[in-house]
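Here is the structure we will look at, set down as C-alpha cells.
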Amino acid sequence: MNEVLTIKNLTKQFGGLTAVNDVSISVEQGQIYGVIGPNGAGKTTVFNLVTGVYKPTSGNIVFNNREIGGMSPHAIAQLGCARTFQNLRLFKDETVFENVCIASQLKNAQYGYLDSILRTSKYKRFEKILKEKAMDLLDFVGLANVAHEKSTNLPYGQ
C-alpha cells in the first residue's frame, strides 16, 4: 500500500521536558490507525506536531510525499491533513451527511463565495464531488445507513 503519513524520529521538547521522544510511525492509505497510551504519554502532542500546532524539536513528518514538519496548521489542513477533537463539536441541527460535507469543504470545495451565491456550474460540479466524497467517507466508516439522521440522534460512539 501507499504510505500517506510517515513520521521518523519525531521528538518534541518543552524546555527540559521531553513530551515525545524518537517516535516513528507509517500510516498507509485506506487504513484506520489509533494511538493509545496512558495520560501524559504524548499522544496529543504527536497529533499537534502532525497538524502544525507545535513545531518538532527534531525528526520528520511527511504527508503525501511532502515534508510538513513546522508548517502552519492552515497550510497543513489545505494539504488534506487535519485532526478532530475528543470533545465533539457537531452541528446539532444538521444531519450526519451535512456535518461531513461541511468538514470536507476545506479540501474539496474549489469555488469562491460568488460561485456559491450565484450557483454557478463550477459550484454545482464541486458540490456534486463533495457530496459523493462525503457519502464514500460515511460508507468507509460504517455510517452510510445513518447519513440522513440528525447528528444529535446518534449514540456518542457513532
Side-chain angles (χ1 to χ4, degrees), residues 1-8 10 20 23-37 42-56 59-158:
M1 284 226 157
N2 182 29
E3 287 182 2
V4 293
L5 178 67
T6 305
I7 298 171
K8 289 187 181 174
L10 188 63
V20 172
V23 171
S24 296
I25 304 169
S26 293
V27 177
E28 296 177 357
Q29 183 175 355
Q31 300 296 306
I32 297 175
Y33 291 76
V35 178
I36 61 172
K43 302 177 300 291
T44 300
T45 302
V46 168
F47 284 105
N48 285 336
L49 288 161
V50 169
T51 57
V53 175
Y54 300 144
K55 294 187 184 329
N60 300 94
I61 306 167
V62 177
F63 178 71
N64 284 335
N65 299 313
R66 182 168 179 181
E67 174 65 43
I68 62 170
M71 288 177 64
S72 67
H74 79 274
I76 293 170
Q78 286 177 330
L79 294 174
C81 183
R83 66 168 288 181
T84 61
F85 297 88
Q86 288 176 323
N87 54 343
L88 301 177
R89 299 282 189 234
L90 299 173
F91 295 100
K92 293 187 272 184
D93 293 327
E94 303 297 333
T95 66
V96 173
F97 177 75
E98 291 164 334
N99 270 274
V100 174
C101 285
I102 292 165
S104 299
Q105 283 186 329
L106 177 64
K107 181 169 168 64
N108 297 310
Q110 299 175 13
Y111 52 81
Y113 295 118
L114 193 56
D115 292 311
S116 63
I117 292 169
L118 299 175
R119 308 280 188 197
T120 65
S121 60
K122 182 178 184 180
Y123 165 83
K124 290 175 184 175
R125 183 174 65 251
F126 281 108
E127 279 295 300
K128 182 176 185 269
I129 292 168
L130 177 79
K131 289 176 180 179
E132 288 170 357
K133 180 69 174 172
M135 218 41 211
D136 288 345
L137 289 169
L138 287 170
D139 187 48
F140 180 71
V141 297
L143 293 175
N145 61 324
V146 293
H148 300 292
E149 289 282 332
K150 294 276 186 191
S151 62
T152 55
N153 293 345
L154 269 62
Y156 184 79
Q158 288 185 311

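Atoms considered below: every heavy atom in the structure, side chains included; atoms not considered: hydrogens, waters and symmetry mates.
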Q: For the residue pair Leu79 and Asn64, establish whether any side-chain heavy-atom pair is separated by less than 4.5 Å.
A: no
Q.
Per the side-chain hydrogen bond (donor to acceptor under 3.5 Å, both in side chains) rule, what does the pair list look like for residues 138-148, sequence neighbours excluded?
A. none
Q. In Å, rounded to the nearest 0.5 Å, how long is the span from OG of Ser116 to CZ of Phe126?
A. 13.5 Å
Q | Working for side-chain contact (heavy atoms from CB on, under 4.5 Å), residues Phe140 and Ile32 | A | CA-CA 10 Å; Phe140 180 71; Ile32 297 175; 3.7 Å; yes
Q. Counting N and O atoms only, with roles assigned by atom type, does the side chain of Glu67 sit under 3.5 Å from a partner on the main chain of Ile61, one being a donor and the other an acceptor?
A. yes
Q: Taking all heavy atoms of Ile68 and all of Ile76, pick out the closest pair and write down the distance.
A: O-CD1, 3.7 Å
Q.
Less than 4.5 Å apart, side chain to side chain, heavy atoms only: is that true for Arg83 and Asn48?
A. yes
Q: Measure the spacing between SG of Cys101 and CD of Glu127 and express it to the nearest 0.5 Å.
A: 7.0 Å
Q. Using the ring of each side chain (for Trp, its six-membered ring), is Tyr123 parallel, tilted or perpendicular to Tyr111, with breaks at 30° and 60°?
A. perpendicular
Q | Separation between CD of Glu3 and CD of Gln29, rounded to the nearest 0.5 Å | A | 11.5 Å
Q | Where Leu138 and Ala147 come nearest, the two heavy atoms and their spacing | A | CD1-CB, 3.8 Å
Q. Does Arg66 CZ have over 12 foreign heavy atoms under 6.0 Å away?
A. no
Q. Shortest non-hydrogen contact from Leu10 to Pro56?
A. CD1-CB, 3.6 Å
Q) For Lys92, what residues pass the salt bridge (charged side-chain N to carboxylate O under 4.0 Å, His left out) criterion, not counting sequence neighbours? A) none
Q.
What's the separation between atom CG in Leu5 and atom SG in Cys81, rounded to the nearest 0.5 Å?
A. 6.0 Å
Q) Does the side chain of Glu149 come within less than 4.5 Å of Leu143's, by heavy atoms? A) no
Q. Are any non-hydrogen side-chain atoms of Phe91 and Ser151 less than 4.5 angstrom apart?
A. no
**Q.** Donor-acceptor contact below 3.5 Å, side chain Asn99 vs main chain Val96
**A.** no
Q) Looking at Ala134 and Phe97, what are the two nearest heavy atoms and their distance? A) CB-CE1, 3.9 Å
Q: State, with a plain yes or no, whether a side-chain heavy atom of Thr51 is found less than 4.5 Å away from one of Pro73.
A: no
Q: Check the pair Phe47 / Thr44 against side-chain contact (heavy atoms from CB on, under 4.5 Å), numbers first and verdict last.
A: CA-CA 5 Å; Phe47 284 105; Thr44 300; 5.6 Å; no
Q) What distance do Asp93 atom CG and Glu98 atom CD have between them, rounded to the nearest 0.5 Å? A) 10.0 Å
Q. Between Val46 and Val35, is any pair of side-chain heavy atoms under 4.5 Å apart?
A. no
(Q) Does Tyr33 have more than 12 heavy atoms from other residues, nucleotides or ligands lying within 6.0 Å of its OH? (A) yes
Q: Could you tell me whether Lys150 atom NZ has more than 12 heavy atoms of other residues or ligands within 6.0 Å of it?
A: yes
(Q) I'd like to know if the side chain of Lys43 and the backbone of Ile36 have a donor-acceptor N/O pair within less than 3.5 Å. (A) no
